[in-house]
Q: 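Take this structure first; my questions come after.
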Amino acid sequence: GAALAALRTSPRTQLAPADLPALAAYAVTHLAVNLALVSGVIGLATRTRAWDVALANYRGLFVPIIALYPLGVLMSVTYIHFGGWVGLLLLAVPTVAVYSALNRAQQLRAHTRAALETLADALDRRDRYTAEHSRRVAEYVDGIARVLGLPLAEREVVVAAARVHDLGKISTPDAILRKEAPLDDAEWQVMREHPGVGAAILSHLPMYREHARLVESHHERLDGDGYPRRVASGALPLGAQVLAVADAYDAMTSDRPYRRALPPVVALERLRAASGTQFSADAVEALTRALGYSASPAGETHTLALAPAP
């Protein structure tokens with residue numbers, strides 16, 4: 001209000017084209033103050049940087065929010081020039097329409113995500129050994145991302161990708177998924193198709209296009225010997241490296257038809273042994289810390305000792 005009053009040239013009961021700079025100053029000031037206060041409070045409550053909160057919560061909504069300010073100006077002009085409150089009734093329909101469109105867009109995003117995650121959970125339950133696998137991987141990914149200090153928006157993308165990372169197994173036959181023995185070469189070839197299938201499904205959804213790349217790359221290796229594209233470390237996004245570590249850890253610490261689950265310490269040892277070739281050393285170290293373990297100093301054996309979680 002102060003910004004508007006300082007720059008406007010018309011009387012308080014009027015609006016003219018000359019007042020556009022004042023209205024722009026009001027809009028910028030209002031948006032900045034509101035964004036700073038809301039993001040600041042949420043940041044303090046969640047111990048997250050306010051800027052990260054703003055990026056995560058306003059991404060995809062910034063343009064619709066900006067569009068509301070001209071609508072407010074139109075309401076003011078209508079109120080002044082078209083009969084006071086009676087004139088505002090002219091804007092009731094478009095205002096409700098804008099609100100409904102924004103609300104439906106948010107609901108559609110939420111329903112799409114819920115549907116994909118429900119499908120991913122159903123795929124996990126096709127095999128009793130992998131039930132809840134995607135949920136656990138998402139929890140590990142969140143822990144790794146927090147230790148690494150990833151921005152909130154990036155962290156949410158990786159966690160969401162983890163929830164649907166095995167979506168491509170919808171095309172994998174049950175005979176392969178449920179086989180109670182190690183897979184042969186031909187079966188492995190079929191199994192290796194699932195990251196690409198999952199990425200192809202997600203790439204058709206605008207809200208998941210960023211996630212599709214992570215899903216496609218979650219079985220790639222730093223040394224370029226992974227699948228499906230044999231991408232080396234330089235082209236691997238950090239989120240895919242984080243997802244690969246979390247996925248491998250859960251696989252090793254879960255029962256399989258042909259072996260029992262490994263103890264967490266042993267699984268972490270194996271991840272550390274493959275650091276730099278198959279897995280990101282930083283992601284492995286972050287998982288170690290997130291799980292409440294601490295590694296021995298460099299040059300000694302890789303025995304892990306229990307330590308308080310960070």
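The figures here come from the full heavy-atom set of this structure, side chains too, leaving out hydrogens, waters and symmetry mates.
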Q: Please say yes or no: joined through hydrophobic side-chain contacts below 4.5 Å, possibly via intermediate residues, are I66 and L23 part of one cluster?
A: yes
Q: Taking the inter-plane angle between the rings of H194 and Y227 on a 0 to 90° scale, is it parallel (under 30°), tilted (30 to 60°) or perpendicular (over 60°)?
A: perpendicular
Q: Can you give me the closest heavy-atom contact between S280 and Q241, atom names plus distance?
A: CB-OE1, 3.2 Å
Q: Does some side-chain heavy atom of T48 sit less than 4.5 Å from a side-chain heavy atom of I42?
A: no
Q: Show your reasoning for whether salt bridge (Lys or Arg N to Asp or Glu O under 4.0 Å) applies to E117 and R113.
A: CA-CA 6 Å; E117 291 181 356; R113 179 167 180 169; 3.0 Å; yes
Q: For D282 and L238, run side-chain contact (heavy atoms from CB on, under 4.5 Å): C-alpha distance rounded to whole Å, both residues' side-chain angles, the deciding distance at 0.1 Å, then the answer.
A: CA-CA 10 Å; D282 290 340; L238 177 58; over 6 Å; no
Q: Quick one, P228 and R192 - any side-chain contact, counting heavy atoms below 4.5 Å?
A: no
Q: Under 4.5 Å between side-chain heavy atoms, counting indirect links through other Ile/Leu/Val/Met/Phe/Trp/Tyr residues: same cluster for Y69 and L20 or not?
A: yes
Q: Do V190 and I170 land in one hydrophobic cluster if side-chain heavy atoms of ILVMFWY residues count as linked below 4.5 Å?
A: no
Q: Does G168 offer a backbone N or O that forms a donor-acceptor pair with the side chain of S171 under 3.5 Å?
A: yes
Q: Decide whether V242 and L236 are clustered together by the hydrophobic rule: side chain heavy atoms of Ile, Leu, Val, Met, Phe, Trp, Tyr closer than 4.5 Å, transitively.
A: no
Q: Would you please say whether a donor-acceptor pair under 3.5 Å links the side chains of T277 and D223?
A: no
Q: Please give me the minimum heavy-atom distance between A18 and P21, naming the atom from each residue.
A: O-CD, 3.3 Å
Q: Can you tell me how far apart OG1 (T253) and CZ (R260) are? Round to the nearest 0.5 Å.
A: 12.5 Å
Q: How close do A283 and I144 get, heavy atom to heavy atom, and via which atoms?
A: O-CG2, 4.0 Å
Q: Just checking, any donor-acceptor pair under 3.5 angstrom between side chains of H165 and H133?
A: yes
Q: How long is the straight-line distance from OG1 of T29 back to CG of L7, given to the nearest 0.5 Å?
A: 8.5 Å
Q: Find the distance between OH (Y208) and CG (L167) and round it off to the nearest 0.5 Å.
A: 9.0 Å
Q: Flag the pair V164 / L202 as yes when at least one side-chain heavy-atom distance between them is below 4.5 Å, and no otherwise.
A: yes
Q: So which atom in H219 and which in P195 form the shortest heavy-atom distance, rounded to 0.1 Å?
A: CD2-CG, 3.9 Å
Q: Would you say the side chain of T172 lies within less than 4.5 Å of the side chain of K169, judging by non-hydrogen atoms?
A: yes
Q: Just by modelled atom types, is the A251 backbone N or O under 3.5 Å from a matching donor or acceptor in the S254 side chain?
A: no
Q: Do R125 and D121 meet the salt-bridge criterion of a basic N to acidic O distance under 4.0 Å?
A: no
Q: Is any side-chain heavy atom of F279 less than 4.5 Å from a side-chain heavy atom of L222?
A: no
Q: Measure the spacing between CG of L119 and CZ of R163 and express it to the nearest 0.5 Å.
A: 11.0 Å
Q: Take I201 and V215 through the side-chain contact (heavy atoms from CB on, under 4.5 Å) test and state the conclusion after the steps.
A: CA-CA 10 Å; I201 294 172; V215 169; over 6 Å; no
Q: For R8 and A22, work out which heavy atoms get closest and say how close.
A: N-CB, 3.5 Å
Q: Go through T9 and D19 one step at a time and tell me if the side-chain hydrogen bond (donor to acceptor under 3.5 Å, both in side chains) criterion holds.
A: CA-CA 6 Å; T9 59; D19 294 318; 3.3 Å; yes
Q: Tell me, do R221 and V231 make a side-chain contact under 4.5 Å, heavy atoms counted?
A: no
Q: Share the residues that join W51 in a hydrophobic cluster, the rule being Ile, Leu, Val, Met, Phe, Trp or Tyr side chains under 4.5 Å apart at the heavy-atom level.
A: L55
Q: Using 4.0 Å as the upper bound for N to carboxylate O, is an ion pair formed by R229 and E216?
A: yes
Q: My understanding is that a hydrophobic cluster links ILVMFWY residues whose side chain heavy atoms are under 4.5 Å apart, including indirect links. Using that, what else belongs to the cluster containing V28?
A: none
Q: Taking side chain as C-beta onward, heavy atoms only, is M252 less than 4.5 Å from L271?
A: yes
Q: Heavy atoms, side chains only, cut-off 4.5 Å: are M191 and L177 in contact?
A: yes
Q: Could you give me the CA-CA distance, side-chain angles and deciding distance for H218 and D166, then say whether side-chain contact (heavy atoms from CB on, under 4.5 Å) is met?
A: CA-CA 10 Å; H218 77 276; D166 278 340; 3.7 Å; yes
Q: According to a 4.5 Å side-chain heavy-atom criterion applied to Ile, Leu, Val, Met, Phe, Trp and Tyr, with indirect links allowed, do Y26 and L37 form part of one hydrophobic cluster?
A: no
Q: Is R135 salt-bridged to E132, cutoff N-O under 4.0 Å?
A: yes
Q: For a quick test of reading the model, state the closest non-hydrogen atom pair linking R213 to A235 and the distance between them.
A: NH2-O, 3.1 Å
Q: To the nearest 0.5 Å, what is the distance between CD (E180) and CZ (R178)?
A: 10.5 Å
Q: Going through the checks in order, is the side-chain contact (heavy atoms from CB on, under 4.5 Å) test met by L291 and Y249?
A: CA-CA 11 Å; L291 292 174; Y249 176 80; 3.4 Å; yes
Q: Supply the atom-to-atom distance L116 CG to H211 NE2, rounded to the nearest 0.5 angstrom.
A: 10.0 Å
Q: Within the distance-only criterion (no hydrogens, no angle test), does the side chain of D250 pair as donor or acceptor with the backbone N or O of R136 below 3.5 angstrom?
A: no
Q: Please answer whether the main-chain N or O of A97 pairs with a side-chain N or O of S100 as donor and acceptor at a distance below 3.5 Å.
A: no
Q: How far apart are the C-alpha atoms of E187 and K179, what are their side-chain angles, what is the distance that settles it, and do they pass the salt bridge (Lys or Arg N to Asp or Glu O under 4.0 Å) test?
A: CA-CA 10 Å; E187 290 166 337; K179 184 176 180 180; 2.7 Å; yes
